[in-house]
Amino acid sequence: MVLRLQEEAMVKPYEKMSLEQLKEAEDEFDDEDMRAIETYREKRLKEWKALKKKQKFGELREISGNQYVNEVTNAGKDVWVVIHLYRASIPMCLLVNHHLSLLARKFPETKFVKAIVNSCIQHYHDNCLPTIFVYKNGQIEGKFIGIIECGGISLKLEELEWKLAEAGAIHSDLEENPKKVIVDLMVSSIRNTSTYDNT
């Protein structure tokens, strides 16, 4: 208890002041206080600059086939790129574009682009759409081709986020696969049904 009281006595009085009281006492800051504030400000500025450097992108951009190599394959060292090849007449492609647009804002350190499939690959079959490729350093690190691999027609944002995190393109805060819960419930339901049928 004595130690706690001594520590409280050592606390600078402005640490318990309101903003108004701090403004009034501003002239009372000594050199040590000003150095501490300046050190803190410099630290925060460095953190902010490092964050801004990482967050280069933040949007789903449209590219054409002749930009593919430059924007995707040669995107830069250690830059993750997610590209969606799509056709506007396919509803699943529109859903994936919507989800990728939201994920691009959530994960601005990853480059998200989309391209109309015919501008990149001639005669690409519609049953292979949507197609998502995940690149890093010019290499394909993940691919999702067709409706099933992309998550099905009722694809949820979290499910796509999980897929991209598994491929390494983003660092998600999701702790488990949101789709796994549904699969586990189905398997469990099937097992329970077969157990009751045997009795």
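We use all heavy atoms of the structure for the numbers below, so side chains are in, but hydrogens, waters and symmetry mates are not.
- The cluster map of Ile, Leu, Val, Met, Phe, Trp and Tyr, joined by side-chain heavy atoms under 4.5 Å apart, puts Ile153 and Phe144 in the same cluster.
- Using a 4.5 Å heavy-atom threshold, the side chains of Arg87 and Asn118 count as touching.
- For the atom pair SG (Cys150) and NE2 (His99), the distance works out to 11.0 Å, reported to the nearest 0.5 Å.
- Residues Lys143 and Val134 fail the side-chain proximity criterion, which asks for heavy atoms closer than 4.5 Å.
- Atoms CG and CG, from Leu129 and Leu85 in turn, are 7.5 Å apart once rounded to the nearest 0.5 Å.
- Of the inter-residue distances, the one linking His123 atom NE2 with Ile121 atom CD1 reads 12.0 Å to the nearest 0.5 angstrom.
- Ile140 and Val69 sit in two unconnected hydrophobic clusters of ILVMFWY residues. Membership requires side-chain heavy atoms under 4.5 Å apart, directly or through other members.
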>> Walk me through whether Leu160 and Leu103 qualify under side-chain contact (heavy atoms from CB on, under 4.5 Å).
In response: CA-CA 9 Å; Leu160 184 55; Leu103 291 172; 4.0 Å; yes
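- When all heavy atoms are compared, the tightest approach of Gly65 to Cys120 is CA-SG, 3.8 Å.
- With a 4.5 Å cut-off on side-chain heavy atoms, Phe107 and Glu161 count as touching.
- Side-chain N/O atoms of Thr131 and Tyr124 include a donor and acceptor closer than 3.5 Å.
- Each of Met92 and Ile116 belongs to its own hydrophobic cluster when Ile, Leu, Val, Met, Phe, Trp and Tyr are linked at side-chain heavy-atom distances under 4.5 angstrom.
- Taking 4.5 Å as the limit, every side-chain heavy atom of Phe57 sits out of range of all side-chain heavy atoms of Val113.
- At a threshold of 4.0 Å, the pair Glu149-Lys163 does not count as salt-bridged, since none of the basic side-chain nitrogens sits closer than that to a carboxylate oxygen.
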>> Go through it in stages, so that I can follow the logic: the residues are Phe112 and Leu102, the test is side-chain contact (heavy atoms from CB on, under 4.5 Å), and I'd like the CA-CA distance, side-chain angles, deciding distance and then a yes or no.
In response: CA-CA 10 Å; Phe112 287 85; Leu102 296 172; over 6 Å; no
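- Residue-environment remark: CG (Leu45) exceeds the threshold of 12 foreign heavy atoms within 6.0 Å.
- More than 12 heavy atoms of other shown residues, nucleotides or ligands fall within 6.0 angstrom of atom NZ in Lys106.
- One finds the CD1 atom of Ile148 at 11.5 Å from the CG atom of Asn127 (value rounded to the nearest 0.5 Å).
- Hydrophobic cluster membership is shared by Leu100 and Leu157, with clusters built from Ile, Leu, Val, Met, Phe, Trp and Tyr side chains linked at under 4.5 angstrom.
- Applying the 4.5 Å side-chain rule to ILVMFWY residues, one finds Trp162 in the same cluster as Leu174.
- A side-chain donor from one of Tyr86 and Glu62 sits under 3.5 Å from a side-chain acceptor of the other.
- The minimum heavy-atom distance linking Pro130 with Ile147 is given by the pair CD-CG1, 4.0 Å.
- Note on Ile145 and Leu94: separate hydrophobic clusters, where clusters join Ile, Leu, Val, Met, Phe, Trp and Tyr whose side-chain heavy atoms are under 4.5 Å apart, directly or indirectly.
- The structure places CD of Glu59 at 11.0 Å from NZ of Lys111, a figure rounded to the nearest 0.5 Å.
- For the 3.5 Å distance criterion, the side chains of Ser101 and Arg105 qualify, holding a donor opposite an acceptor.
- Classification of Glu159 and Lys156 as a salt-bridged pair fails, no side-chain N sitting under 4.0 Å from a carboxylate O.
- The shortest side-chain heavy-atom distance between Tyr68 and Thr73 falls under the 4.5 Å cut-off.
- Contact check for Ile132 versus Ile83: no side-chain heavy atoms found under the 4.5 Å cut-off.
- Residues Val82 and Thr110 form a side-chain contact, since some pair of their non-hydrogen atoms from C-beta on lies under 4.5 Å apart.
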> Given the rule in the side-chain contact (heavy atoms from CB on, under 4.5 Å) test, do Trp80 and Glu141 qualify, once you have shown the distances and angles that lead to the verdict?
Replying inline: CA-CA 9 Å; Trp80 284 95; Glu141 298 292 331; 3.7 Å; yes
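- Here the CD-NZ distance, from Glu47 to Lys43, works out to 5.0 Å after rounding to the nearest 0.5 Å.
- Remark: Gln139 CD is loosely packed, at most 12 non-hydrogen atoms of other residues, nucleotides or ligands lying under 6.0 Å away.
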> Between Lys114 and Cys93, does a side-chain contact (heavy atoms from CB on, under 4.5 Å) hold up when you go through it step by step?
Replying inline: CA-CA 10 Å; Lys114 63 182 179 174; Cys93 290; over 6 Å; no
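- In this structure, the side chains of Val81 and Glu71 stay at 4.5 Å or more apart for every pair of heavy atoms.
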